[in-house]
Amino acid sequence: MPLARASGELRNRIMLDAAFVRDHLDAVKANCTNRNVTADVDAVVRLDDERKRIQRLADETKAKQNQITDGFKKATPEERTKLKEESGKLKEQVAGFDAQLAEVEVKLRAALAVIPNMSHPNAPVGTDSAANVTVGEFGTKPAFDFKPKDHVDLCTSLALADFEAGTKVAGQKFYFLKNEGVLLELALVQYAITKLVAKGFTPVITPDLAKVDILEGIGFMPRDNAETRQVYTVADTDLCLIATAEITLGGMLAEQTIPEDQLPQRYVGLSHCFRTEAGAAGRDTRGIYRVHQFTKVEMFAFCTPAQSDAIHEEIRGIEEEIFNGLGIPFRVIDTCTGDLGGPAYRKYDLEAWMPGRGNGGEYGEVTSTSNCTDYQARRLKIRYRPKEKKGGGLPFVHTLNGTAVACTRALIAILENYQQADGSVVVPEVLRPWVNKERIVAKK
RNA sequence: GGAGAGGUGGCAGAGUGGUCGAAUGCGUCGGUCUCGAAAACCGAUAUACCUUCACGGGUAUCGAGGGUUCGAAUCCCUCCCUCUCCGCCA
């Protein structure tokens, strides 16, 4: 099968950052420090200067060529021979400049690629998760008068999942869902999508694979070496298994210009998610907390810069509503700068209480919502056409994403919080229309 | 997978080697007219990058990449995509 080519449009995507870096050099450097990222910011300016220099030379040479062409028609035969000769020389020069330009652009792109997005002024500053701030707590942790089981025991005793079969068929960290495990997953999907459609989100089922260019535009690094790569690549193609529908939903509008009056656009996408979990070997090996494949309902929004802060709060509110609706206790974390990753400008995590986790229960991340401002839009070339025309180019949209329901993690929280002394699990009320029972009991 | 047709500006749609960044229509914006509106008329209306304090100037772009030529939307090659028909299949 032939490899699909990267489109020319996408190829130059990261170039556009250079001017911003140049204009905010100190702020960008400080941000890298806050984010605990080592990046040669000065190299960007240096390489950008070089790029401009070469481009000017190339453009001037091309202009000369065009002049020759313009004068060709009224030239005498002798003059024409001369002009052809001259044009040939210029052509060689242009080829040289273009080659240099391509080389510098590759370097510039590489230098820009490691620079993270700027950070929200209110995001807590800190280099690791210790600096994260809890900004809200919801629900009441269940008080058990028995020793609560973890989700692995519950899955096994209630026959909701088969981990051995998963390992046999696909390897460690794969699983089969069975019985009410299946019904619960489907119910969670229905619950989330139904709720979001009612809120005006457009439902989408996305591809489970996407091209490397799209992954990179969203901020993933599929070209990393196999040891550190977070996504699966498909051999002999330029495709990856997606790690989240954020990838496909964001890519959906790549290279488009959207009229301002069509913003914001809110989508709710359903997909499978595939993660190599490179670097997580040995961690969370039990059960379905950290797996290579799971199902997720994801929110995604495209909007103007003026709208993104409010939509971020809106998405966070929806995530809270979903977990409040499920009756699961959780807390909300305002992620600190060092923990934001590359694309996020600000990020909130919802951490659900998981009574079976660790020693006597622990919080575990169940959702995450990020405002990526124009970081992804620049790379994917998603612009909007403002109502009021102003000078200088079309601005980029802002993109936001947020988990509605990550099925495996939600499943853990449900099973562990809703378990009963007799080993059964009560089905959260909002899921009963789809599960069709109030309680999951052991099979005979 | 096979055969055919086609990919041009916000949209529709001309353009088959030389002022073509691109006719025309529609749309949009501004103006005239009007008490106001419609209609009519006049004008403006692609994007990116480089350059300039600014006016402006330059380069590139007609699906993508490469080639022929002094010169390519127009000719040649490769690829991608869309449509129609056939085959196959959930």
Side-chain angles (χ1 to χ4, degrees), chain A residues 1-23 44-109 112 205 207-214 217 236-239 251-263 265 374 377-397:
Chain A
M1 180 185 289
L3 293 186
R5 292 248 175 95
S7 85
E9 291 292 322
L10 273 182
R11 202 163 283 166
N12 286 324
R13 64 198 164 226
I14 306 177
M15 301 309 302
L16 301 153
D17 287 328
F20 179 88
V21 173
R22 179 189 295 278
D23 294 342
V44 170
V45 178
R46 203 166 58 239
L47 289 164
D48 194 40
D49 284 340
E50 184 65 1
R51 184 190 120 250
K52 287 183 182 182
R53 187 183 71 83
I54 297 167
Q55 182 167 350
R56 202 176 321 143
L57 288 171
D59 283 356
E60 283 166 3
T61 312
K62 285 176 191 170
K64 280 187 206 161
Q65 261 191 312
N66 288 339
Q67 277 170 24
I68 290 174
T69 293
D70 289 343
F72 191 82
K73 258 189 135 173
K74 34 186 169 173
T76 64
E78 302 87 71
E79 285 171 332
R80 288 187 178 185
T81 312
K82 214 169 160 190
L83 290 176
K84 285 187 192 184
E85 217 175 282
E86 201 177 332
S87 181
K89 283 182 202 157
L90 293 175
K91 203 180 208 176
E92 277 176 39
Q93 290 179 28
V94 167
F97 290 137
D98 282 347
Q100 288 180 51
L101 196 55
E103 204 177 308
V104 172
E105 284 179 353
V106 167
K107 288 183 190 166
L108 178 56
R109 232 172 286 147
L112 282 165
I205 293 178
D208 284 339
L209 287 79
K211 295 179 183 174
V212 166
D213 286 295
I214 301 293
D236 302 325
T237 72
D238 66 342
L239 291 170
M252 198 163 57
L253 297 190
E255 291 170 61
Q256 292 195 12
T257 301
I258 305 156
E260 184 177 354
D261 58 15
Q262 286 176 27
L263 294 173
Q265 292 189 19
D374 61 359
R378 275 180 194 284
R379 295 164 172 234
L380 294 169
K381 279 203 59 176
I382 311 174
R383 303 165 193 272
Y384 70 97
R385 195 173 293 283
K387 281 184 215 143
E388 312 276 323
K389 55 177 178 192
K390 323 168 207 172
L394 296 174
F396 292 100
V397 301

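For the pair D261(A) CG and C29(B) C1', the interatomic distance rounds to 14 Å; values are reported in whole Å. Going from atom CG of D213(A) over to atom C1' of A64(B) covers 12 Å, rounded to whole Å. Between the CZ atom of R53(A) and the C1' atom of U51(B) there is a distance of 16 Å, rounded to whole Å. Summarising the geometry, the separation between CG on L108(A) and P on C49(B) is reported as 13 Å, rounded to the nearest angstrom. We find that CG of D98(A) is positioned 13 Å from C1' of C49(B), with the value rounded to whole Å. Between the CD atom of E255(A) and the C1' atom of A48(B) there is a distance of 13 Å, given to the nearest Å. R383(A) places its CZ atom 11 Å from the C1' atom of C49(B), with the value rounded to the nearest Å. One interatomic measurement links the two molecules: CG of D48(A) to P of C49(B), which rounds to 11 Å at whole-angstrom precision.
Sorted pairs that involve residues 61-73 of chain A and meet side-chain hydrogen bond (donor to acceptor under 3.5 Å, both in side chains), not counting sequence neighbours, are lacking altogether.
Taking atom P in both U24(B) and A44(B), the straight-line distance is 11 Å, to the nearest Å. For the P atoms, the distance linking C33(B) with A48(B) amounts to 36 Å, nearest Å. Look at the P atom in both U28(B) and C83(B): the space between them is 29 Å, to the nearest Å. Spacing between G18(B) and A3(B) at atom C1', rounded to whole Å, works out to 38 Å. Between U47(B) and C85(B), the two C1' atoms lie 38 Å apart (nearest whole Å). The P atoms of A64(B) and U74(B) are separated by 11 Å, rounded to the nearest whole Å. The C1' atoms of C26(B) and G2(B) are separated by 40 Å, rounded to the nearest whole Å. A14(B) sits 40 Å from U51(B) when the P atoms are compared, rounded to a whole Å.
Between L380(A) atom CG and E255(A) atom CD the span is 8.5 Å, to the nearest 0.5 Å.
Between K91(A) and G71(B), a side-chain N or O to OP1/OP2 separation shorter than 4.0 Å is present. OP1 or OP2 of C50(B) lies within a sub-4.0 Å distance of a side-chain N or O belonging to R51(A).
Within a 6.0 Å sphere centred on CD of E103(A), heavy atoms belonging to other residues, nucleotides or ligands number 12 at most.
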Show me the donor-acceptor pairs within less than 3.5 Å that the side chains of residues 81-96 of chain A make with the rest of the protein, sequence neighbours left out.
from   : atom 1 : to     : atom 2 : distance (Å)
T81(A) : OG1    : P77(A) : O      : 3.1

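A heavy-atom distance below 4.5 Å is not found between the side chains of L47(A) and R51(A). Side-chain contact check for V397(A) versus Q265(A): every heavy-atom pair is 4.5 Å or farther apart. Using a 4.5 Å heavy-atom threshold, the side chains of V44(A) and L108(A) count as touching.
D59(A) is linked by a salt bridge (charged side-chain N to carboxylate O under 4.0 Å, His left out) to nothing, counting only residues two or more places apart in sequence or in another chain. Not counting sequence neighbours, the partners of D208(A) by the side-chain contact (heavy atoms from CB on, under 4.5 Å) test are I242(A), S271(A), H272(A), F274(A).
Looking only at distances, a side-chain donor or acceptor of R80(A) sits under 3.5 Å from a matching main-chain atom of A75(A).
Near-neighbour residues of RNA chain B inside residues 54-74 of chain A, defined by a heavy atom below 4.0 Å, number-ordered: Q55(A), R56(A), D59(A), K62(A), A63(A), N66(A), T69(A), F72(A), K73(A).
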**Message:** Dot-bracket, 5' to 3', for RNA chain B please: Watson-Crick or G-U pairs under 3.5 Å, [ ] where pairs cross earlier ones, | where the partner sits on another strand, dots elsewhere.
**Reply:** ((((((((.[[[..)..(.....]]]((((((.......))))))((((((....)))))).[[[[[..)....]]]]])))))))....
